[in-house]
Amino acid sequence: MSGRRYFRKGGDNRTHQVHVFQADNEEDITRHLAVRDYLRTHSDDTQRYGELKESLARQFPRDIEAYMDGKDTFVKELETKALNWYNVSKDS
């Protein structure tokens, strides 16, 4: 992703991940904040996302591409819901 740096801590036992965006990358910043805030307030989707990630991690423990492909449809739908929710809640 252009204008972003991604850092992980913990190696195989990752404990943290940090996304750092270029200040003028407003679209990606907004998208990530919307998903973060949406998941904090929509526990059903949070649980479904967590279960999907755990299932994919078991299925593809050494294949990050297959893991990411497995999340793709869910994440795109999640981003759409989150952005719609975020924009409505911002305007309220």
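We number each residue from 1, following the sequence as shown.
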Task: Interatomic spacing from NE2 in His42 to CZ in Arg48 - rounded to 0.5 Å - done: 12.0 Å

Open item on the list: Tell me whether the count of non-hydrogen atoms from other residues, nucleotides or ligands lying under 6.0 Å of CD in Glu51 goes above 12.
Closed with: yes

Task: Partner residues of Glu65 under the side-chain contact (heavy atoms from CB on, under 4.5 Å) criterion, sequence neighbours left out - done: Asp63, Met68

Task: Shared-cluster residues of Tyr6, by chain and number - hydrophobic side chains joined below 4.5 Å - done: none

Task: salt bridge (Lys or Arg N to Asp or Glu O under 4.0 Å): pairs with one or both residues in residues 1-10, sequence neighbours excluded - done: none

Task: Contacts of type side chain to side chain donor-acceptor pair (under 3.5 Å), residue Glu79, not counting sequence neighbours - done: Arg31

Open item on the list: Please check if the number of heavy atoms outside Gln17 that lie under 6.0 Å from its CD is greater than 12.
Closed with: yes

Task: Pairwise ring-ring contact (aromatic ring centres under 6.0 Å, His included) hits with a residue in residues 49-69, at least two apart - done: Tyr49-Phe74

Open item on the list: Tell me every residue that passes side-chain contact (heavy atoms from CB on, under 4.5 Å) with Thr30, counting only those two or more places apart in sequence or in another chain.
Closed with: Leu83, Tyr86

TODO: Applying side chain to side chain donor-acceptor pair (under 3.5 Å), name anything that partners Asp72, two or more places apart in sequence or on another chain.
DONE: Lys76

Open item on the list: Quick check: is Ile64 connected to Phe7 through a chain of hydrophobic side chains (ILVMFWY, heavy atoms under 4.5 Å apart)?
Closed with: no

Open item on the list: Please enumerate all residues that pass side-chain contact (heavy atoms from CB on, under 4.5 Å) together with Ser55, with sequence neighbours excluded.
Closed with: Arg58, Gln59

Open item on the list: Using side-chain contact (heavy atoms from CB on, under 4.5 Å), reason through Val20 and Val18 one step at a time and then give a plain yes or no.
Closed with: CA-CA 6 Å; Val20 179; Val18 176; 3.8 Å; yes

- [ ] Mind checking side chain to side chain donor-acceptor pair (under 3.5 Å) for Glu54 and listing every partner two or more places apart, or none if nothing turns up?
- [x] none

Task: For Gln22, side chain to side chain donor-acceptor pair (under 3.5 Å) partners two or more places apart - done: Asp24

What side-chain donor-acceptor pairs closer than 3.5 Å can you find for residues 32-40, not counting sequence neighbours?
unit_1, atom_1, unit_2, atom_2, d
His32, ND1, Asp28, O, 3.0
Tyr38, OH, Asp45, OD2, 2.5

Task: Separation of Leu78 CG from Lys71 NZ (nearest 0.5 Å) - done: 10.0 Å

